[in-house]
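What follows is a single structure, written as structure tokens, with notes after it.
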There are 2 protein chains.
Amino acid sequence: MRISELSRTSGVSVPTLKYYLREGLLPPGAPTAVNQAEYSEGHLRRLRLIGILTDIGGLSLRAVGDVLDAIDDDSLTTHQMLGVAHHALGPRDTDDEEPTADVTAARADVDRFLRGRGWRVSPQAPARRSLAQALVTLRRMGRDIDDAVLDRYADVADRLAAQELSRVTGSRSRIAAIESLVVGTVVFEAVLVALRRLAQEHHSARRLSPRTRDGGLVVDK
Amino acid sequence: MRISELSRTSGVSVPTLKYYLREGLLPPGAPTAVNQAEYSEGHLRRLRLIGILTDIGGLSLRAVGDVLDAIDDDSLTTHQMLGVAHHALGPRDTDDEEPTADVTAARADVDRFLRGRGWRVSPQAPARRSLAQALVTLRRMGRDIDDAVLDRYADVADRLAAQELSRVTGSRSRIAAIESLVVGTVVFEAVLVALRRLAQEHHSARRLSPRTRDGGLVVDK
């Protein structure tokens with residue numbers, strides 16, 4: 001298909017497509033004439049992936065580029081791909097800032113907790129830092145999270161991840177497995193977060209607003 | 001304490017404090033002399049809440065302002081406060097854009113699913129739209145999520161929310177209950193997301209990279 005049709009089908013504007021081509025996020029089409037090229041289903045598929053990573057994953061185009069480069073690098077295993085996707089999702093490591101004492105303590109607690117569960121997780125995994133940051137936040141507010149509560153969340157995460165990874169079987173093609181992993185990480189995270197908020201509202205309605213029969217929570221803005 | 005001490009204790013710079021005061025995010029201190037005011041523990045507490053909402057919740061200062069206004073509005077119940085916090089967390093409703101046919105269909109599916117579970121959730125809850133958007137994304141990629149899988153995530157969310165809401169008891173003060181709700185929504189969401197990614201890496205290491213004994217996934221960047 002021509003670039004105009006690629007734009008119509010994907011919903012991505014022609015200037016944005018040209019920008020993606022210039023930045024190497026989208027591979028060039030097959031040249032058919034001077035200033036004309038033919039684009040394929042592969043281009044559409046890649047545009048959908050870019051859309052997921054930016055719109056739902058909240059990735060910058062630079063981080064998207066890292067993920068796409070990794071997908072195109074046949075030497076990486078699917079497991080390594082997951083690592084690249086997680087690194088792109090962040091948070092970015094800010095090496096230049098010296099962590100404060102409570103941040104260092106929380107990171108040590110996270111390391112100890114993960115060792116205790118026997119999870120095989122790289123020392124560089126960005127989610128270690130996110131988890132430590134959440135602990136720091138709670139502690140600065142004079143709260144804490146005891147290991148029993150953390151274990152309850154970890155049990156939930158463990159069961160979900162086991163089910164999710166079982167859907168990524170070795171029988172599929174590498175690209176399908178990778179797409180499944182990346183989409184799974186980003187989209188099902190959004191599903192989980194949305195459902196948790198909806199469930200919170202439901203339980204809040206049941207506990208905190210028992211008199212409203214329909215439980216409608218209307219916030220006019 | 002003076003503004004300089006408030007800045008030192010909170011880690012928020014004096015210019016930022018002055019900006020918060022100007023924008024009404026922080027209530028004025030008690031005047032002690034011309035151009036001097038005394039700030040309290042309440043100011044510190046509010047600064048920590050602002051930090052959580054912006055740093056971990058990713059809220060804009062405008063959205064933070066909405067949440068703080070609601071906290072200060074004694075006529076709102078704790079349940080209504082949760083609604084305000086969820087609205088601030090987004091996604092924002094973009095009324096001006098006509099939803100495409102697949103978005104409309106996904107929203108109807110979400111409504112049907114939530115009715116089926118008997119959840120009491122307001123029709124305006126932003127998380128309905130997030131969930132619908134995730135469904136649209138999956139469907140545009142030629143995948144879908146059947147109700148059994150969605151139910152599994154909903155079961156997880158339901159159990160978590162029930163536990164979380166049970167921690168917000170009526171015995172505490174309104175401000176403590178609200179803080180607990182808001183912090184719970186934002187910080188434990190970060191905890192859950194981080195643990196899920198760590199568990200994914202662990203299960204990926206077990207399934208996809210069985211030969212590495214230590215499971216280390218090192219991504220040099």
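Throughout, protein chains are lettered first and strands after them, A, B, ... in sequence-line order, and every chain is numbered starting at 1. What's counted below: heavy atoms across the whole structure, side chains too, no hydrogens, waters or symmetry copies. Since we're looking at a predicted model, the values are computed, not measured.
S130(B) approaches A194(A) most closely through the heavy-atom pair CB-CB, 4.0 Å. When all heavy atoms of A125(A) and E201(B) are compared, the pair lying nearest together is CB-OE1, 3.6 Å.
If you take CG on L192(A) and CG on L192(B), they are separated by 4.5 Å, rounding to the nearest 0.5 Å. H202(B) NE2 to S122(A) OG: the interatomic distance, rounded to the nearest 0.5 Å, is 14.0 Å. Distance check, rounded to the nearest 0.5 Å: CG of L82(A) to OG of S204(B) gives 4.5 Å.
Interface residue L114(A): only side-chain heavy atoms are found under 4.5 Å from chain B. For a residue to count as touching a neighbouring chain, one of its non-hydrogen atoms must lie under 4.5 Å from one of that chain's; by this rule I145(A) touches chain B with the side chain only. Only the side chain of V149(A) comes within less than 4.5 Å of a heavy atom of chain B; its backbone N, CA, C and O stay farther away.
Considering only heavy-atom pairs separated by less than 4.5 Å from chain A, the leading option among A70(B), G118(B), A199(B) is A199(B). For the options L138(B), V110(B), I52(B), T185(B), heavy-atom pairs under 4.5 Å to chain A are most numerous at T185(B).
Within the 4.5 Å cutoff, the side chain of Q200(A) has heavy atoms near those of the H86(B) side chain. Using a 4.5 Å cut-off on side-chain heavy atoms (C-beta onward), R120(A) and H203(B) make no contact. The closest side-chain heavy-atom distance from L195(B) to W119(A) is below 4.5 Å.
Here salt bridge (charged side-chain N to carboxylate O under 4.0 Å, His left out) pairs that include residues 187-196 of chain A, with residues two or more places apart or in two chains, are E189(A)-R196(B), E189(A)-R197(B), R196(A)-E164(B), R196(A)-E189(B).
A search for side chain to side chain donor-acceptor pair (under 3.5 Å) contacts involving S7(B) returns nothing, not counting sequence neighbours. Listed by chain and number, the residues in a side chain to side chain donor-acceptor pair (under 3.5 Å) with T16(A) are S13(A) (sequence neighbours excluded).
Scanning residues 151-161 of chain A against chain B with a 4.5 Å non-hydrogen threshold yields R152(A), Y153(A), A154(A), V156(A), A157(A), D158(A), R159(A), L160(A), A161(A), sorted by number.
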